[in-house]
Amino acid sequence: MTRATLTFHSPTYFTRSGEPDLTPDPALILGSHRRSWNTAVGANSPLRTTDDAWQNLRQALRIEGLNITTARRDSGYAYPRPGFTGSVTLRLARNATPQTQQLFAALIRFAPYAGTGAGTTHGFGATTSRLPGQRRSKGGPQPTAGIRRSSAAAGGVTT
């Protein structure tokens with residue numbers, strides 16, 4: 001797999017030196033999935049993503065398309081936190097190795113379970129992924145980490 005689309009259903013943001021960053025940087029996006037993956041599999045797991053494998057993936061990552069907008073969500077501290085919502089299509093460089101392609105596929109498939117960016121435990125970064133040739137599921141996006149659809153909110157995302 002060398003291409004995939006991630007859709008961000010709730011505001012997604014990253015932090016750099018304690019400051020919010022709304023940039024849909026591919027390395028920040030998949031880097032957040034990598035950190036969650038490595039935490040989930042444990043320090044001594046053979047499934048852990050090594051620094052070398054991560055550097056190869058990071059160098060091969062490209063943005064193919066963007067359809068994002070800025071949105072705000074209550075951070076729980078009476079402060080609406082900005083983030084981006086919408087979709088980002090990522091692709092790998094043509095010279096990406098099969099191992100890099102496999103890591104890309106694994107992290108893309110893991111994204112809906114991990115969420116993306118900062119604040120995922122507070123409803124930020126709700127993410128779904130779509131691989132080439134994969135049909136959209138009936139009824140819209142599937143639930144993601146800690147997020148459920150609310151019919152009372154007319155399709156809004158609630159925690």
Side-chain angles (χ1 to χ4, degrees), residues 1-41 48-97 99-132 134 136 140-147 155-159:
M1 183 175 79
T2 60
R3 175 178 286 107
T5 300
L6 294 170
T7 302
F8 308 100
H9 300 279
S10 64
T12 303
Y13 71 98
F14 305 95
T15 57
R16 288 189 200 221
S17 303
E19 294 292 322
D21 185 345
L22 306 184
T23 308
D25 181 330
L28 292 176
I29 292 169
L30 288 186
S32 72
H33 304 151
R34 176 195 180 221
R35 281 186 299 282
S36 294
W37 174 273
N38 280 347
T39 298
V41 300
R48 188 169 181 82
T49 302
T50 66
D51 290 341
D52 289 340
W54 170 244
Q55 287 306 320
N56 291 338
L57 175 58
R58 191 173 170 185
Q59 291 172 358
L61 280 172
R62 308 287 188 270
I63 291 180
E64 184 171 278
L66 289 169
N67 183 14
I68 61 170
T69 188
T70 303
R72 294 183 180 275
R73 179 181 179 92
D74 183 12
S75 65
Y77 299 100
Y79 174 74
R81 167 85 60 189
F84 60 86
T85 59
S87 63
V88 174
T89 300
L90 300 175
R91 70 170 178 84
L92 294 177
R94 290 185 199 145
N95 63 349
T97 66
Q99 294 83 5
T100 298
Q101 292 175 18
Q102 289 173 348
L103 177 56
F104 178 71
L107 292 176
I108 291 293
R109 287 184 176 105
F110 185 65
Y113 300 100
T116 303
T120 57
T121 59
H122 298 287
F124 290 90
T127 305
T128 55
S129 59
R130 193 168 35 125
L131 311 173
Q134 184 181 27
R136 288 181 183 242
Q142 297 299 308
T144 59
I147 305 298
V157 177
T158 62
T159 58

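Under 3.5 Å, the side chains of Asp21 and Thr23 contain a donor-acceptor pair of N or O atoms. A side-chain donor from one of Thr116 and Thr127 sits under 3.5 Å from a side-chain acceptor of the other.
The side-chain heavy atoms of Leu90 and Phe104, taken from C-beta on, include a pair separated by under 4.5 Å. Within the 4.5 Å cutoff, the side chain of Gln101 has heavy atoms near those of the Leu92 side chain. Side-chain atoms of His122 and Ser75, non-hydrogen and from C-beta on, never get closer than 4.5 Å to each other. In this structure, Thr89 and Ile63 have side chains that are not in contact, with every pair of non-hydrogen atoms separated by 4.5 Å or more.
Under the 30°/60° scheme for interplanar angles, the aromatic rings of Tyr13 and Phe124 are found to stand perpendicular.
Nearest heavy atom pair, residue Pro11 against residue Thr85, reads N-CG2, 3.6 Å. Counting all heavy atoms, side chain and backbone alike, Ser129 lies closest to Leu6 at CB-CD2, 3.5 Å. Heavy atoms only, all atoms of each residue included: Pro132 and Arg3 are closest at CD-O, 2.9 Å. Annotation for Ala93 and Arg91: closest pair CA-NH1, 4.1 Å, computed over non-hydrogen atoms. What you find for Pro82 and Thr70 is that their closest heavy atoms are CB-CG2, 4.4 Å. When all heavy atoms of Val88 and Pro24 are compared, the closest pair comes out as CG2-CB, 4.2 Å.
For the atom pair Glu64 CD and Thr5 OG1, the distance stands at 8.0 Å (nearest 0.5 Å). One finds the CZ atom of Arg109 at 14.0 Å from the NE2 atom of His33 (value rounded to the nearest 0.5 Å). Atom CE in Met1 sits 4.5 Å away from atom CG in Leu131 (nearest 0.5 Å). In this structure, CG in Leu103 is found 8.5 Å from CH2 in Trp37, a value given to the nearest 0.5 Å. Atom CZ of Arg35 sits about 10.5 Å away from atom CG of Leu30, to the nearest 0.5 Å. With rounding to the nearest 0.5 Å, the separation of OG1 in Thr7 from CD1 in Ile68 is 12.0 Å.
For the pair Arg48 (side chain) and Asn38 (backbone), a donor-acceptor distance under 3.5 Å is present. In this structure, the side chain of Thr120 does not engage the main chain of Gly125 through any donor-acceptor pair within 3.5 Å. At distances below 3.5 Å, at least one donor-acceptor pair connects side-chain atoms of Ser10 with backbone N or O atoms of Gly123.
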Assess whether side-chain contact (heavy atoms from CB on, under 4.5 Å) is satisfied between Leu57 and Arg34, documenting all intermediate values. CA-CA 11 Å; Leu57 175 58; Arg34 176 195 180 221; over 6 Å; no

Would you please test His9 and Thr128 for side-chain contact (heavy atoms from CB on, under 4.5 Å) and show each step? CA-CA 8 Å; His9 300 279; Thr128 55; 2.8 Å; yes

For Gln99 and Asn56, what are the C-alpha separation, side-chain angles and deciding distance, and is it a side-chain contact (heavy atoms from CB on, under 4.5 Å)? CA-CA 9 Å; Gln99 294 83 5; Asn56 291 338; over 6 Å; no

In sequence, state the C-alpha distance, the side-chain angles, and the governing distance for Phe8 and Ile29, and then conclude on side-chain contact (heavy atoms from CB on, under 4.5 Å). CA-CA 11 Å; Phe8 308 100; Ile29 292 169; 4.1 Å; yes

